[in-house]
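Remarks on the structure that follows.
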Amino acid sequence: MMFLHLGSDWAVAVRDVVSIHDYAIFADEGNRKYLNQIEEQGRLVDCSEKDPKAVVVTADKVYVSAISSLTLKRRANQPFPIE
């Protein structure tokens with residue numbers, strides 16, 4: 001099983017990742033409302049250390065990461081051979 005490191009000692013299984021987004025799209029009022037609802041439900045995990053760059057959505061939780069969405073996408077698609 002492969003894991004995706006999100007920063008601040010947080011990682012998720014790559015198979016659990018539904019989508020990865022640039023945090024900038026959450027400046028929009030509708031998308032901001034979505035994050036607020038997720039936070040109210042206790043499903044938002046902020047591992048960005050107050051420098052958000054990406055939002056990673058899984059079936060159970062939504063993670064805010066300080067690692068750029070492009071870097072996270074590249075890491076999620078990079079194969080790591082196990083010998």
Side-chain angles (χ1 to χ4, degrees):
M1 179 183 324
M2 290 180 42
F3 288 89
L4 179 61
H5 178 252
L6 303 175
S8 297
D9 298 328
W10 285 94
V12 295
V14 171
R15 69 173 185 212
D16 294 339
V17 174
V18 174
S19 60
I20 299 172
H21 305 278
D22 190 317
Y23 186 79
I25 69 167
F26 290 92
D28 172 80
E29 183 180 339
N31 292 334
R32 185 78 227 155
K33 189 175 182 179
Y34 168 75
L35 280 186
N36 290 338
Q37 289 174 342
I38 294 297
E39 186 173 24
E40 288 172 5
Q41 295 170 5
R43 295 178 39 219
L44 184 69
V45 178
D46 187 354
C47 41
S48 69
E49 298 177 354
K50 302 190 185 204
D51 186 24
K53 293 183 181 159
V55 174
V56 178
V57 179
T58 67
D60 298 328
K61 296 197 181 283
V62 175
Y63 299 85
V64 178
S65 175
I67 300 171
S68 78
S69 59
L70 292 175
T71 299
L72 291 171
K73 288 176 185 179
R74 187 177 62 241
R75 288 180 183 177
N77 290 322
Q78 184 175 7
F80 295 96
I82 299 174
E83 297 180 17

request  = Could you walk me through whether Val64 and Tyr23 pass side chain to side chain contact (heavy atoms under 4.5 Å, CB included), step by step?
outcome  = CA-CA 8 Å; Val64 178; Tyr23 186 79; 4.0 Å; yes
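- Of all heavy-atom pairs between Phe3 and Ala11, the closest is CB-CB, 4.4 Å.
- The shortest non-hydrogen separation linking Val17 to Thr58 is CA-CG2, 4.2 Å.
- Minimum interatomic distance between Ala66 and Ser48 (heavy atoms only, all atoms of both residues): CB-O, 3.3 Å.
- Applying the side chain to side chain contact (heavy atoms under 4.5 Å, CB included) test to Val14 and every residue at least two apart in sequence or in another chain returns Met2, Leu4, Ala76.
- When side chains are defined from C-beta on, Val45 counts as touching Trp10, because their heavy atoms get closer than 4.5 Å.
- Sorted by first and then second residue, the salt bridge (Lys or Arg N to Asp or Glu O under 4.0 Å) pairs involving residues 44-71 (not counting sequence neighbours) are Asp51-Lys53.
- Lys73 is linked by a salt bridge (Lys or Arg N to Asp or Glu O under 4.0 Å) to nothing, counting only residues two or more places apart in sequence or in another chain.
- The side-chain hydrogen bond (donor to acceptor under 3.5 Å, both in side chains) check on His5 picks up nothing, with sequence neighbours excluded.
- In this structure Thr71 satisfies the side chain to side chain contact (heavy atoms under 4.5 Å, CB included) test together with Ile67, Ser68, Arg74, Arg75, sequence neighbours excluded.
- In this structure a side-chain-to-backbone donor-acceptor pair under 3.5 Å is present from Ser65 to Leu6.
- Considering only heavy atoms from C-beta on, Leu35 comes within 4.5 Å of Leu44 through its side chain.
- Between Tyr63 and Val55 there is no side-chain heavy-atom pair separated by less than 4.5 Å.
- Residue pairs satisfying the salt bridge (Lys or Arg N to Asp or Glu O under 4.0 Å) criterion with at least one member in residues 15-43, sequence neighbours excluded, are absent.
- Under a hydrophobic clustering in which Ile, Leu, Val, Met, Phe, Trp and Tyr are joined whenever their side-chain heavy atoms come within less than 4.5 Å, directly or via other members, Ile25 and Leu70 fall into different clusters.
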